[in-house]
Each structure stands twice: as structure tokens, then as C-alpha cells.
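Report on one structure; see the data block that follows.
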Amino acid sequence: MDMWEIPFLICFPLVVSVLMFCIRINKIRNAVAYVSAVIIMLMTGVLTVHWGMNGFAPAEFYVETELVDHFILGAEILLMLVVTFLSFKYNRPWVSLLSIVPTAVIAWLELEGPELDAISHIKVDHLSILMCIIIGIIGSLIVIYAVGYMHGYQHYHTEIPDRRYYFFMILFIFLGAMFGFVLSDSLLWIDLFWETTSVCSFLLIGYTQQEEAIHNSFRALWMNLLGGCALCVGIVYFALDQGTASLSVLVEQGTGQAPASVQVAIALIAFAALTKAAQLPFSKWLLGAMVAPTPSSALLHSATMVKAGIYVLFRLAPAMSGNMTGTMISFIGGFTFLSASIMAIAQSDGKKVLAMSTISNLGLMVACAGVGRPETIWAGCFLMIFHAVSKSLLFQDIGATENSLHSRDVEEMHGLLYRLPVLALFMFIGICGMFLAPFGMLISKWAALKASVDENNIILVFFICFGSATTSFYWTKWLGKLIAHTNRPPVRDITKKNEMISLSIHAVLMLALCILFPFLSSVYVEPLLMEMFSESNQVISNNVLYILIILICFFFAVPFLAYIYEKNVKTNKKLSYMNGINTGKNDAFMGSMGAEKELVLANLYFKDICGQRKLMNPSIAITTAVIIIMMCMIIASALGGGMI
Amino acid sequence: MNIKRSPWLLHYDGSSCNGCDIEVLASLTPVYDAERLGVENTGDPMQADILLITGGINTQNAPVVKQLYDQMPRPKVVVAVGICACTGGVFKETYNILGGADKVIPVDIYVPGCAARPQSIIDGIIQARELFQQRSDEHDALMRSQKGAANV
Amino acid sequence: MGFMTFKTTMLSNLFKKPVTTKYPAEPAVYPEGSRGHVVIEIEKCISCTICALNCPSGAIKVDRAARTWEINRYDCIQCGYCTLKCPKKCLHMAPGYQTPGPEKSIEHYDRPPEEEKPAAPAANAAATNAGDGK
Amino acid sequence: MNQLIPMMCYLLLAPLCGAIMEGFDRKISARMQRRVGPPILQPIYDVIKLWKKQVIVVEKSQNFLLLSYLLLTVMTGCMFFAGTDLLMVLFVLSTSAVFLYFSAVISGSPMSTMGALRELVQDMAYEPAVLLAAVGFYLTTGTFDVHGIMNSDVSAIVKMPGFFIAFVFVLTIKMRKSPFDSAQSHHPHQELVKGITTEMGAKNLAFFQITEWYEIILMLGVEALFIVNKNPWSWLAAVIVILLTYFLEILIDNTSARMKWQDMLKLSWIVTLLAGGVNLMALMLIR
Amino acid sequence: MGKKSVVPFGPQHPVLPEPIHLDLVIEDEIISEAIPNIGFIHRGLEGLVEKKDFNEMVYIAERTCGICSFGHGLGYVEAIEHVMNIEVPARARYLRTIWAELGRMHSHLLWLGLAADAFGFESLFYESWRIRERILDLHELTCGSRLIFSVNKVGGVIRDIPADKLAYIKDQILIVEKEVKNIEKTFLGDYSVQTRSKGIGLLTKEEAHDLGAVGPFARASGITADLRTTGYAAYGELDFEPVISNDGDCYARLDVRIRELYQSIDLIRQAIDKIPEGELEAKAIGFPKGEYFMRIEQPRGEAVYYVKGNGTKILDRMRIRTPTFANIPPLCETLKGADYADVGPLVVSIDPCISCTER
Ligand code: SF4
Ligand code: SF4
Ligand code: SF4
Ligand code: SF4
Ligand code: SF4
Ligand code: SF4
Ligand code: SF4
Ligand code: SF4
């Protein structure tokens, strides 16, 4: 059996990226990008169908890859050169060390190291296909959106040199690398793709080449490269000890009584995944990534970069269940979930709220992976799906809103539903998707809660109970801003058609997911769990799922029917209550100085209690300490156990 | 339907000397306890049925009084408490007092007294709630007759 | 410092009789000397207008020619100054208050013609509900 | 059938019970303050009155949002009394709370917006305790199903007194009782005037009021879960415990000042963490 | 714009029965700016002096405010008496003192109730006002009216309090004392009340002095200022010390006023014990000519009455400076940085009387 779609999906974006770089006429390049995005989307579909026709069974390919291996090594060295060059150019030479050392080690392993077992380098199963679908659909939609967005962006930000060819090039490299990443089973390949995403994100964040952007991009780079180092050390140690570099073998050996090298490798790889998934203490790179143009934030946050970390953790999940690595990961994840959601409360910059909530949601997924039981992975998968769609929707929407409103501050969105109705509606759907009841996010949280109770993970139970309360808080208050009544004049909506297409597809996807969600669970996610754990506990019984479907219909129907009913009720309008000193419109009152004063209503932010400034450093300190201590304990116990 | 059992008050201090003002409050406290008549003292014109106004009207509070009255949903009743609210009282000759509450809004019940005693205020509320009921009934009758007319 | 320090008071209050007066089910009681409203012994009045001139809120009107004495109870502040000033001491403060009403009525008293022997005070309809304490 | 009867009972009787309980509440409070107080049926009179008043709103959508709030809450209650999954009930309940928030902020008026934000803080304050209580039920009885919990051998409270304390503590928030009534107070004088309900009048306020009743009965139902077990006598115990807590809430209401939301959040989280946490740890250890 | 809200507070606001308006700028419910606006209640009372004779003005001066109405009447007549050089008989001075202190008790109890109400303690509000009703009954018993006494006249008082009523007053204030002791435990000792009063609205002694605070508000910040020590009415013959506290927060203000209640009770007892028999009034002959500033201690602090007569029955000028007027600048100082939830309690903590401020 052969699946030609796989190399296509990995290589095609790379080819397109070269095209992007070469074509300097915007119209043509846009058209090519558009078409390529559609092709990628279609191919993802074809891959899925093809694989499905083969019976949804895990499949392995490419055992003999001598040539490709050399190519991969070459690419790795190329990446190293790029990093070294840039770090010297921008005066941060030490960063290059983080790239040179692991590359050298890997090169040594490949060229001089012992002969490794022959393994299949590519593996297709439920999880990787799921990731492919997310990358293929969301990623491509983001490209389509970027076509419209970057046009407006460059139009309004004249101070930023127009390097769209470069931007699109990196976008496509990114997509290719992500496909490669989720489809590879060879740890060496994974390492390359890993480093590629790190470098691409670095380049994307630094796109504007302004001081802040460069600063933030280097932060992202060193954090991710640090993870890369850990990954690399883990791989080499594992490979030297066990004579193979296969991820699936690693996981297989990791379940049950694992040899020391496997334990250490898993811990190191999981640690690497933490950096990629922007968990505390490494969350700052994701926050800094906000300086980049919105499509890249959307791409980094929803579909690709951070999901890579989650993907790795999901893969490792069976090997983390019940051991110290799992405890560490679930603690870090839970802690990040809670503290990032608390910090999100203090943010009023829309993009920062999204960033914080991304970190927080990823935390929950990481925690799910750390517990490593079928139930939690079930929840984790749904969290991932819903998060990908709604975050991507929100990021794109906020970008479009910023272009029209010239601000992305949540406070400026007062009454947005009256001023920019379409975008506000999309935003509304996206936010609802993030936390409201019939939407999947909340149900996933519910499942996560239940699973962690089952696993006796007390701390996680607390994190989830409190975190879910804080999460609703910051989302709800944002939603409230959108719908508040205002008489301010409408804003001209200058959103491009491309952006609208992408946004609408996302919104429809969101609603569809919400309704199809029980179906998805039984058809796809449960087999996934079977594959991973060879057991599948139904977290939420079918019975409940049916009730949920009814609930969902009801949920959509109630406001609708209520609306229809209330439409005919005669109501008189009145002025809002302002202690008796309205001036006839609802946006102002008679001020103390005898002149009309504008009414301003701001949300609560608790900036003194949960501001980033207050909480970030303590959180980083706590998590760093936990990671160092736990890592030492894991390594010590693994090695110690080995010695005894 | 009997709606007079639940007259909710809105109290606004026009320009009273506090005398009537605190007597309005006193009529809600244990010794007089207007709540046994179903009274609730809301601070919100949206939810009020009876506007108790104390003190006269001056140039600055006239728009406020008018506005509060306008924000009350119908049916509604206005009670002027104290002679200041009735006529301007001792202050009616000053330059700043325009007169009683009836200068800007229609007053239904006048409660005299300086300061108006809690008993008088309770009397005023009782009269006001009868009026409240009556207005509601009138409105119902009107609606019924309109419906009847439409059916014919 | 304590928590719920008021609980003993509240619980014991629960078993005490409310202090609420039953008004209007029971009539209000006023102590002697309560300044409720002004009453006039109209037959004693000499229409000197001193009361009207001195009333701080201008509630009294006296018409010497028509032999009338009028009071607007919606204007009277019950200060009692008129009773101090009246040379014939025919004004008094009596307990009990003017009933609220939908209109600001003026109470009107006619002095009986001089020739006639003083008869019952002639008060018009508006006067009947005055000072009955309700 | 078994599920339908309690559900119908809830649907029909909850507002009535809620109203009468509130009537008693007002009467008892009045007596504590040495007043006569309103008639027991006063809350019902109020709602009837509100129903008949002219509807005026700042923003028309408020009507349907409040109606949705009512319907969703009622639906959640029905789900609970039909004996479904407790966690689902709680999560859906949190969604209905969002509708209340919407109906208040949509007016764009200062008092109701600030009240609504405080309401959100209150939601944030009580949610962990309620969720933890559900977790506690699961740990003691092995199920999230209301039916299952009811049919356990011993009352859940035996093993989860800490959760019970935390739950009763946050019940004060849910019942909008002083000291935790910063979003909307039954007392006439509040710094936010009528808080979250400031822009609700007439029928809309009636909706709000009725929903409150449904919600309180639902919360008391959850409380009953702590007591009820297989033994029919436990029902009587549950009723007694509910009445006692209700009285306790009235007493608390009458013996405390309104705390600021900051203090409320701090206190309720601390109580939840301590009472709930110790209990949870104990439960997980003995499991 | 950021995260700041700009919202109105008042004039119609249930926490403050009187209309005062504040433009508030708040962030996270913390006030960063508060601009007050008054005038909703201005009547122009002092202008009436041009239309009413100086005897009628007594009744109008009383209506400067219905709460310390007795004090206003007192301040005004004492000012006139000084202008006219009238020696007020001792019994009248003692009676005035008793009434003034009864007035202070009713005012402080009223304030305690309103303070409890402002921080949302309904039953404590009701309890305070229930106690206050006893004092109001004493008012009515002795003067014929619950609030507006109308017993002062230039030269003395109109009514006497016979011995049996004095004894009755003594009995009643004994009961009041017990009841106040009971609510004091809650006002000063309850945890929930303390969260709303301790450390709230701090005003240091220096600030209080520089911004011109008066009355219990100033005394709670440690300033020993009590005009009763000047000895008007019969205060010169009674024994008392001004009540002060050094904390300068809302808690101190509660504390000072509660202790002043006991002080008033003590003063009334002393006055009843010492009251001499004798005339109630001295004849006032002629019309006032000349001017005088009379300063007295109202429940809320120092009030100043200025009168200027020209030898006719119509005065030239009458001016009143009231305690709340002096207390508004320090209030605005304490509002900055306060919580929105504390606006009500803080404004109430100066015991605001907008009515007399705006007259
Ligand atoms: S009627 Fe008298 S007591 Fe009432 S506000 Fe006017 S002056 Fe004051
Ligand atoms: S009591 Fe006073 S206000 Fe009334 S009529 Fe006599 S003088 Fe005038
Ligand atoms: S002062 Fe006396 S006698 Fe003169 S008019 Fe008046 S009531 Fe009559
Ligand atoms: S002098 Fe008086 S009237 Fe003139 S501005 Fe100043 S406060 Fe206003
Ligand atoms: S000083 Fe007299 S005349 Fe001048 S504004 Fe004041 S009250 Fe009027
Ligand atoms: S400064 Fe004093 S006297 Fe002058 S207007 Fe202002 S308050 Fe009146
Ligand atoms: S005396 Fe009057 S004008 Fe002069 S500073 Fe004071 S307030 Fe201003
Ligand atoms: S301070 Fe207040 S209570 Fe005293 S006289 Fe002035 S307004 Fe009245």
C-alpha cells in the first residue's frame, strides 16, 4: 500500500513556498496562494478518504530512506546556519549555541553513531489524521484569510516594509513542516520538523523587524530551541541505548516497566513539548508572538505550532499514565490552565486575551495528556478540535476588527454588535465556542474533570474547578461588551472578501461541530482511543450524549423562539437609568460641571490582583522550580533504579 | 386583578429640609412599617409605582424630577409629601423655589404637614394605592373595550 | 471582633412582639400639646389680621369686610406662631393632622354676624374632615 | 414515568414554593427587626403587579434574553429533577447565568452593567464550590447521576461534611443574601441601586423573580442530595435540613453587613479550598 | 479611555436620601476621580430674611434642616440675642441644652442607621431607627412635634418641661442607653461591619486640619474641636470632654458618634439634675441693630450663624455656614482611591446634610 498524498502534503507546500518567494506580483502570488491553499485542503480530504478506504487502520511507510535521511540532515544543518547567521546579525550570538549543539549531536548520531534498527519513518493513524485535518483545513483557511488581511495590513502599516512574498513563503514552509511533523514516526525526522517550526515561528514573529518584534522573536526562538535541545538529547540517549529512533517504539516501551533511557527520553521529550505548547514557565514567547501580523498569530496559536506540543504529549500519553513524568506534566498543565486564565482576566487587549486563553486551554490539554488515560485523551481531543476552530476564528476576526476599528482593545468594542454587526457576530460565535454549554469546549472540560476525579488527581480537580470559573469570567465579560447597547455611530466594515470567506467557513464549522459532536465522538475519537490504549472508556455515556443533542437544539431554539415571541410584544423604549440626570441619549449624562459628560463603562479587570505583572513571575518561579525538581527526581530515580 | 397590594415606592428628595425626607424613611422603619401594606422602597424608577416627592421644585431639580417621573412605567401615582412639595411651603417666596411638585409633574395626592407625620404618609400611600388600582382597572377596561370593538 | 454578633438580638427579637403601631387600623395617639393643626374659635375672632400678617408661610387669609378667616392647610407649617400672636387667643394648636387628599383645599370660616348670639361655628364642607386624626 | 413526575412537580410547584419561602423569609426578617412585615403571599402579589405594568425597556432584546434565562433555568431544573447527570446540570446552569448577564449589560446603563459585572464575580465565587460538591457526590456514591446519588445506602453528607459547608456558604451568594448581595440586593438601599436588575421593570422583573425561585428550589434540591438516601425517612431529614439552612441564611442575612465583592471572592474561595479541599483529600485517600 | 469608567452617582440615589451628585471616574471599581455637584436642593432660605421679620425667621431658620432643626433655631436666636443684648433666663438655657442634646441623640441614631444601611446591614438600620423613635416621642412630648421643635423664640423658650416629664425623659434615656449598648457591640465588634469600616476612608489629622473638617468627622481624626466647650446655652455649667479618636477611618467615626451618644445621655442627666426653676423668657424689646457671629456645635459639627440688623424688624443679612459645607473638601479627599462600594458609606460617614449646605 502506498499513500502518495503524504509526500505530496509535505513537499507541495515547500514547492509553493519557493513560488511565493519568486513571484513578486501581488495579484499573481495571491492567486497562487489561494489555489495552493485549496489544493492542500482538498488533498487533506483525499488523504483522509484514502486512509479511510483502507479501513481506518494504522499504516506504516518508508522503511528504506537512506537518501531522504541525508537530505534531512542537510536541511537540519541549513536551519542551524540560518539561526547562527541571524543570531549574530541581531547581536544575540549565544542563541546560536542552542542550535549548533543539538544539530552537531544529531549529525554525529547519524553519521558516526551505531547502526539503528530499520523503522518505518511515516506512520498514519487516527491521531495523525486528526492533526492533518486540523492543519489542512484551518491552516489553509488561514492562508486564504491572510491573502486579504495582509493587503489591508500593508495598506495601513506603511512603516512596515512590504515583504509579503517572504511572509507567504514562511507560511507555506510552516504548513509543510507541520504535516511532516504529525506524520513522521522517526524521531530524527520529527526533530527536523520540530526545529523547522521553531525557526519559522521565529521568522514570522520578527516579520515587522521592529525592535519589539525582534526582541520577542528571539525569546520565542531560544525557548523553542531549548525545547529542541531537550528533544535532541532525549532522542540521542534513547537511540544509543535502545538502538532505534521510532516514536511508537518509545511509547510502547514506555508503558509499563520502562528502561531508564526510555523514562528519561520520555521526560525530556515531554519537557520539550511543554516549551512548544507555551506552558508555564515558557508562556512568554506566545504572548510576545502577538506583535506579528494576525494570520501568523492565528496560525501559531490555533492550528499548528502550539498543537505540535500537544500532539507529542498525546502520543506520549500512554507512557505517562501514572508515573512521575505524567504527574509533572499534568501539574504544569493544570497550573497553567488556572494561572493563565486568571491572568487573562486582567487583559483588555483582545489579542492578549486570546493569547492568554490559548495558553490556558493548552494547559488543560497538557494536563489531560499528563493524566494519560483514555478519558482524558477523549477530552483532550475535543478540546483540541474546538480550540483550533474557535481560536482560529477569533484571531482572524480580531484582526479584521482591528483593521476596521483601528483598535483591538476589548473596551473599544462596546456595542460592537451595533457598529460592526457581521464581525461582532462571528466573534460572538467564537467566544461562545470557547466556553458556553452546548459547545464542545465546556463538555470537554466536564469530561476532563470527571477523568481526573477517576484518576484521583486532586490537584487537577481543583485546577479545573477554579479554572473553569475564571475562564467563564473573562469570556463572559467580553461577550457583554459586544452586545451592550450604544448609540455610537457604526464603523465602516472594510473586511476583504477572502477574510469573510474564511471567517464564515469557520463559523459554520463551529456550529456544525457543536451539533455533530456526539457523532464525532463515537465515529472517530473512540477508535482513536482504542488505537492508543487498546481500550476505550466512554467518558460520557451515550445516554447523556443524546440528552446533549436535545439540549443543543433546545439551546439554539430557545433564544430564537423567545426572540420571535417577544418581537410582537409591544414595548416602549425609555432612557436608561442614570440617577435622574440623563441628557436624552443613553451615552451621556449631565456632569458636575454643568456640561454633558460622556458615559463610559469599563469591565472589571482586577489589574491589581491578577495582572500579568503580579502573577507572571511567581507563576514562572513555581513552575520552573517544579520542573527542575521533578526532572531531577525522574532522572535520578530512572538512573538510580537502573544502577540498583 | 388586585395590584394595589404591591405598591412600590420611589422616593425623591426635591428640595426638602430633610424633615419630610426622614419621615418618609421613618414610615418604613419598625414603628410604622409601611411594608405591611406591601410597600417596597425601590430606588429605581423603572420598578416604582408610586413616586413620593418631598420638598419643593427648584431650577436645578426640575428636570430631574420630570425625568424620574417619565421613567416610571404606567400606571403610576405621584404623592407630594410635606407642604414644601405641596405648595413650596415656607420657601415658596424664595428666588429659587418654583413651587410645589405640581409645577413639573401631575401630583395625585397631597400629604400636608411640616414635617409630614409618618401616619399622614401612610394615609397618602393608602390613597395612592387605591388610585393605582383604579388606574390599572381603567386601563384594563379600555383594552377590553378596544378588543371588543376590534372583534365586532 | 466576632461573627454574627447581632444574632442574639435577632433571635430574641423574633419572639418579641413587633413594635409596629397598627395605624390606620387603630387610630394614632398623640401626646398632649402635639402641634397638629390650627383650630379657630371663629366667634372670638375680631378679624384683626395679625395672624395672617405674621404667619411665616402665609397660610392664613383674613378678610375683614367679608368677616372670613381662611386657612390653607397645605401651606401651614404648624409652627404655632399665629396662636402666639392672636390678640384674642382664639387660635389653638390641636393634635391630629389634616388628611391627605387629591386637592389642596382651603378651609373657610365665616364669622357669625355680630348681632346674632354665637351659634355653632359655621364651617364649610372642607372643614368637616379636619382634625379627625386621619 | 418515574422521572416525569418529579419533573412536572418542579415545573409547576417550584415557583410557588419559592414564592412562599420568600414570603416567609420576608416575614421572619421583619419579625427579627420587630416589624409586622408584609403578608406571606406578598411575593406573589408583587409578581402579579409586575405582570400588569407597562413594559418599557432600554433595549428590546432584553425581553427575549430574560425569557431565555427563565426557560434555560427551568430546563436545567427539570433535568435535575428528572435525575440526570449532575455535572451537566451545573454546566448548563452556568450558561443560563450568562443569559442573565447579557440581559443586564445589553441596556448599556451604568448601574446594571456594574451589577452584572459583580454578578459575574459572584458566579466565579460560587462555581468552584458547587462543582466540587458534584465531585464529592461522585466520590462518595460513584456516580454523577442524581438518581444514583439519591439511591445510595448512606447519606452523602456523612462522607462530605466539608463540601456541605462550602455549599451552604456559597448558597448565600446564590440566594443574594447579605453579606454576599453585592450584585443585586433585596434590601432597598444598595450602592448599585437595584444592581443587575436596575433596567428591568414590569414583566421583565417578573421573569427575573420567577427564575430566581426556580433557581433557589434547584439549589435547595442539590442541597437535599446531601441528605437523601434509600431510606424514605431521609426525605424528611432533607426537608428539615433545608428549612434549617434556609433559616440560617435568613439569620446570616440579618446579622451581617454587605461585604465587598473582593472580600466575598476571597472568603468563598478560601472556604471552598479549605472545607472542600480537606474533604476531597480525605475522600480520595479512603477511596 | 483604557479601562476607566465614567459614571454618575446621584442625585437620585437610594443610599443617600438627599440629592448630591458625583461624577465618578472608576477603574476596577476603584475611584480615581470624584467631582461633586450640589445645588439640587438649594432653596435660597437666607434670602427670605428680606421678606420676613426677625421673629418669623426663627421658624424659617429651623427649616434649614429637619434633622438638627433645633440647633438651627438655637443658633439663630442666640445670635439675635447677642445683638439685642438679651440675658436669657437660666431655666431656658437648660431647657435649650436638653433639647439640643436630645436632638443630637436623634441625629446620631439616625446617622448610625443610615451608616448601617449604607453598608448594607438592614436590620441594624431598623434597630437604630427603632431606638430613635423613643427620642422622637420625647420631642413630641415636650415640644409637640417629632422633628421641628418650634420652641425657641428670641429671648427664651415657649414651652416648659415640667418635672414629671423631666423624670420621664430620664427613664427613657436610660432605656436608650441600654439599647445603644446592645447595638454598639455590633457596630464596633462585628466582623462584617469591620470589613466595611476599618481602614476605609482614612483622613489623617493633618489632612483633616488643612481641609477644614469639623464635628465628629474631624474628631474621629483626632482634632479636639467641640464648640460646646465655648459654653453657649448651659454647656458652660456642665461637665464634659470632647470625644476624640485618632484612627481617622470610618470605624473611628462610628466609634466617636456612639461615644457621643453616651456623652449626650450624660449631659441630659446632668442638665436635668441641675436645672433651676425660674422664668422661661426675657422680654425682647426693640429691634436688633448690629451684627454677630454665633458658632454652635451641631450634631455634625460647627455651624456659624451671622446676623446683621439695622434697627428695623427686617434684618439686613442672615448667613449660615453649615458643617457639611466644611466637610465636603475632606470628603472628596477620602473618596480618591476608595472603592465604589464605599462611596455610599464614605459620603454617609461625614453625616452629610445637603439640605443645610444648600439651604
Ligand atoms: S414641609 Fe417642612 S419639614 Fe417638610 S421639607 Fe418642607 S420645611 Fe421641611
Ligand atoms: S401654625 Fe404657623 S404656619 Fe400655620 S397658620 Fe399658624 S403661623 Fe401660619
Ligand atoms: S389674630 Fe386672632 S383675632 Fe386676629 S384675625 Fe387672627 S384669629 Fe382673628
Ligand atoms: S460666588 Fe456663588 S454663585 Fe458665584 S460662582 Fe461662586 S458659588 Fe456660584
Ligand atoms: S446671599 Fe442672599 S441674596 Fe445672595 S444669593 Fe445668597 S441668599 Fe441670595
Ligand atoms: S462661599 Fe459660602 S456664602 Fe458664599 S456662596 Fe458659597 S456657600 Fe454661600
Ligand atoms: S470666601 Fe467665598 S469666595 Fe472666598 S474663597 Fe471662600 S468660598 Fe471662595
Ligand atoms: S447638618 Fe444636616 S442635620 Fe444639621 S442642620 Fe444641616 S442639614 Fe440639618
Side-chain angles (χ1 to χ4, degrees), chain A residues 414-415 436-438 442-443 445-446 449-450 453 456 458 461-462 464-466 468-470 472-473 476-477 479-481 483-486 540-541 543-544 547-548 551 554-555 558-559 561-567 569-579 586-587 589 599 601 603-604 609, chain D residues 54-61 63-65 67-68 71-72 75 79 84-85 87-88 91-92 94-95 98-99 101-102 104-114 116-118 120-121 123-128 131-132 135 138-139 144 193 198-199 203 262 269 272-273 277 280-281 284 287:
Chain A
H414 190 86
L436 272 191
L442 195 102
I443 290 163
K445 240 177 253 167
W446 164 15
L449 179 61
K450 204 168 156 182
V453 179
N456 254 355
I458 305 179
V461 170
F462 272 93
I464 295 178
C465 285
F466 284 88
S468 108
T470 46
S472 332
F473 183 78
T476 316
K477 69 180 181 162
L479 280 183
K481 268 280 135 185
I483 62 169
H485 174 89
T486 182
I540 295 181
S541 64
N543 213 345
V544 174
I547 295 183
L548 271 179
L551 194 70
F554 199 79
F555 182 84
V558 163
L561 292 178
Y563 179 72
I564 302 277
Y565 164 72
E566 285 293 347
K567 230 178 143 167
V569 176
K570 223 174 68 203
T571 42
N572 303 9
K573 285 226 176 186
K574 61 140 200 158
L575 293 174
S576 64
Y577 171 76
M578 285 186 211
N579 308 87
N586 284 330
D587 293 325
F589 58 93
L599 175 81
L601 293 171
N603 279 339
L604 293 177
I609 312 171
Chain D
Q54 175 200 23
V55 182
I56 49 177
V57 289
V58 178
E59 175 56 52
K60 239 181 129 177
S61 322
N63 300 351
F64 93 83
L65 287 170
L67 191 58
S68 307
L71 292 178
L72 278 172
M75 189 182 75
M79 275 161 52
T84 52
D85 193 292
L87 267 186
M88 178 161 68
F91 278 126
V92 179
S94 72
T95 299
V98 172
F99 275 87
Y101 177 75
F102 286 167
V105 287
I106 201 160
S107 60
S109 111
M111 298 301 162
S112 72
T113 304
M114 287 163 77
L117 281 165
R118 287 181 176 191
L120 268 193
V121 178
D123 289 348
M124 184 159 73
Y126 78 73
E127 208 176 287
L131 280 183
L132 278 177
V135 169
Y138 182 66
L139 287 175
F144 278 115
V193 187
T198 305
E199 297 296 343
K203 207 179 282 181
Q262 294 94 325
W269 276 28
T272 309
L273 265 178
L280 185 68
M281 243 175 281
M284 286 200 161
R287 210 151 80 104

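The sequence lines fix the lettering, A, B, ..., with proteins before strands; numbering per chain opens at 1.
Using a 4.5 Å cut-off on side-chain heavy atoms (C-beta onward), D:Pro110 and A:Leu599 make contact.
For chain A, the option among D:Thr84, D:Thr113, D:Val121 with the highest count of heavy-atom pairs below 4.5 Å is D:Val121. Across D:Leu65, D:Val58, D:Val105, the residue that shares the most heavy-atom pairs under 4.5 angstrom with chain A is D:Val58. Among D:Met114, D:Glu127, D:Gln54, D:Arg118, the residue with the largest count of heavy-atom pairs under 4.5 Å with chain A is D:Glu127.
D:Ser109 and D:Glu199 share a donor-acceptor pair across their side chains, judged by distance under 3.5 Å alone.
For D:Tyr126, no part sits under 4.5 Å from any heavy atom of chain A, backbone or side chain. In this structure, the portion of D:Met79 lying under 4.5 Å from any heavy atom of chain A is its side chain and not its backbone. Residue A:Ile458 touches chain D through both its backbone and its side chain, counting heavy-atom pairs closer than 4.5 Å. Interface remark: A:Thr486 contributes no atoms to any contact with chain D (heavy atom separation under 4.5 Å). Residue D:Phe102 touches chain A through both its backbone and its side chain, counting heavy-atom pairs closer than 4.5 Å. Only the side chain of A:Leu601 comes within contact range of chain D, with heavy atoms under 4.5 Å apart. Heavy atoms closer than 4.5 Å to chain D are found in both the backbone and the side chain of A:Tyr577. Contact of D:Ser107 with chain A is made through the backbone alone, with heavy-atom distances under 4.5 Å.
The aromatic rings of D:Phe144 and D:Tyr138 sit parallel, their planes meeting at an angle under 30°, below the 60° perpendicular limit.
In this structure, D:Thr198 and D:Met111 approach most closely via the heavy-atom pair OG1-CB, 3.6 Å. The shortest heavy-atom contact between D:Tyr101 and A:Gly480 is CE2-CA, 3.6 Å. Considering every non-hydrogen atom in both D:Pro128 and D:Thr272, the closest pair reads C-CG2, 4.1 Å. Contact between D:Ile106 and A:Ile483 at its shortest, heavy atoms only, is CG1-O, 3.4 Å.
Within the 3.5 Å criterion, the main-chain N or O of A:Leu604 finds a donor-acceptor partner in the side chain of A:Lys477.
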